[in-house]
Amino acid sequence: MKLIALPAFSDNYLWLWQQDQMAVVVDPGDAAPVLQALAEQGLTLAAILVTHHHADHVGGVRELHLATGAQVFGPALEEVPAPFSPVMQGDAFDVLGQTVQVLDVPGHTAGHVAYYLPNAQPSPVLFCGDTLFSGGCGRIFEGTPAQMLASLDSLAGLPAHTQVCCAHEYTVSNLRFALAVEPSNAELQTYMAHCQQLRAKGLPTLPAQLGTELQINPFLRARYPDVRHAVALHAGLSALEQTDDVAVFAALREWKNDFR
Ligand code: ZN
Ligand code: FE
């Protein structure tokens, strides 16, 4: 299978996954770039996968569904602007010869789901919407820090060679914050230089490797002593709060919200 990141709006990627002359699109916030890619490459749209209800992820769903008849899959707990098959944790379905497993990852929104393809070649693929970004995570709009931490924990447990397809190109700005949290993390310094080079050439920094994220993403590292210490210092956490994983994670997320 081939993965294509179609740029949309200022920093979204609409992920197109292609198999022979068929394709699946994830989170089409806009129909136009998807219809153009299908036409240019002579592809038939087999399915539309939706991770959560925000407009930049569902804005093109109705038009694409009407234009192609493609089946829509979306989170059981959220609204999607077209007839859709509701899915949740534990569900699995087959599209274009791939098994797609559904993971509940609440936090950014209350019903956010992710789609995991364990048998994709050359390595597993994760479409995680606005839950996990390279070097960061989504803002907590509808859920709680405890939910977001649990969601990120479940993604962090996937195989290290998983290709992480995030819905936004936020990597370099996320890494600026990550370096403020962990200035002496050597892998992080190297990864920042690598991503800056990609962006200078106009290339996406995604998909990211999950194994890399575990080494550089502070939101997957909130239990590491260095991260915990930096957060405690920044937020003035008490000794007791510093031992509370959710309190540390919540303070880390708030730090990022205010970071410029
Ligand atoms: Zn969103
Ligand atoms: Fe988004």
Side-chain angles (χ1 to χ4, degrees), residues 3-17 24-34 37 48-64 72-82 84 86-89 102-116 125-152 154-155 163-177 195 199 204-208 213 217 219-220 249-250 252-254 256-259:
L3 282 171
I4 304 158
L6 297 175
F9 311 117
S10 59
D11 50 34
N12 281 73
Y13 290 128
L14 320 182
W15 287 97
L16 201 67
W17 135 37
V24 172
V25 69
V26 184
D27 284 351
D30 187 3
V34 181
I48 300 167
L49 310 185
V50 173
T51 65
H52 68 292
H53 68 84
H54 285 160
D56 61 317
H57 299 253
V58 302
V61 169
R62 186 170 183 79
E63 186 181 341
L64 277 178
V72 183
F73 297 86
L77 299 177
E78 299 194 355
E79 296 291 326
V80 175
F84 72 107
V87 293
M88 61 196 299
Q89 180 80 35
V102 182
L103 306 170
D104 282 346
V105 287
H108 179 68
T109 62
H112 200 304
V113 296
Y115 298 95
Y116 177 60
V125 172
L126 174 71
F127 298 106
C128 54
D130 288 354
T131 298
L132 175 62
F133 295 125
S134 184
C137 74
R139 281 180 185 256
I140 300 170
F141 286 124
E142 298 174 7
T144 64
Q147 282 181 320
M148 188 56 131
L149 179 59
S151 294
L152 293 175
S154 76
L155 299 183
Q163 307 177 70
V164 184
C165 299
C166 318
H168 290 270
E169 180 62 68
Y170 289 157
T171 311
V172 168
S173 84
N174 285 340
L175 295 180
R176 270 208 311 278
F177 173 72
C195 291
R199 295 308 294 149
T205 60
L206 303 168
E213 292 305 308
N217 189 325
F219 294 93
L220 301 181
F249 180 80
L252 176 66
R253 185 57 257 186
E254 274 170 37
K256 172 74 163 66
N257 291 347
D258 300 333
F259 186 79

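Throughout, residue positions are numbered sequentially from 1 according to the sequence presented. Counting starts at 1 for both ligands and their atoms, in listed order.
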Asks: Can you name the side chain to side chain donor-acceptor pair (under 3.5 Å) partners of Ser134, sequence neighbours left out?
Replies: Tyr191, Glu213
Asks: Kindly say whether the aromatic ring centers of His57 and His168 come within a distance under 6.0 Å.
Replies: yes
Asks: Between Phe219 and Gly136, which heavy-atom pair has the shortest distance, and what is it?
Replies: CD1-CA, 3.7 Å
Asks: Which atom names give the shortest non-hydrogen contact between Pro75 and His52, and what distance separates them?
Replies: CG-CA, 4.2 Å
Asks: Between Val113 and Val87, which heavy-atom pair has the shortest distance, and what is it?
Replies: CG1-O, 4.0 Å
Asks: Restricting to N, O or S, what is the name of the atom of Asp130 that lies nearest the Zn ion (ligand 1)?
Replies: OD2
Asks: Kindly give the heavy-atom pair with the smallest separation between Leu14 and Asp30, and that separation in Å.
Replies: CD1-O, 3.4 Å
Asks: Give me the atom names and distance for the closest heavy-atom approach of Phe133 to Asn217.
Replies: O-ND2, 3.0 Å
Asks: What is the name of the N/O/S atom in His54 that sits closest to the Zn ion (ligand 1)?
Replies: ND1
Asks: May I have the angle between His108 NE2 and His52 NE2 with its vertex at the Zn ion (ligand 1), rounded to 10°?
Replies: 100°
Asks: For the Fe ion (ligand 2), report each protein N, O or S atom nearer than 2.8 Å, sorted by chain and then by residue number.
Replies: Asp56 OD2, His57 NE2, Asp130 OD2, His168 NE2
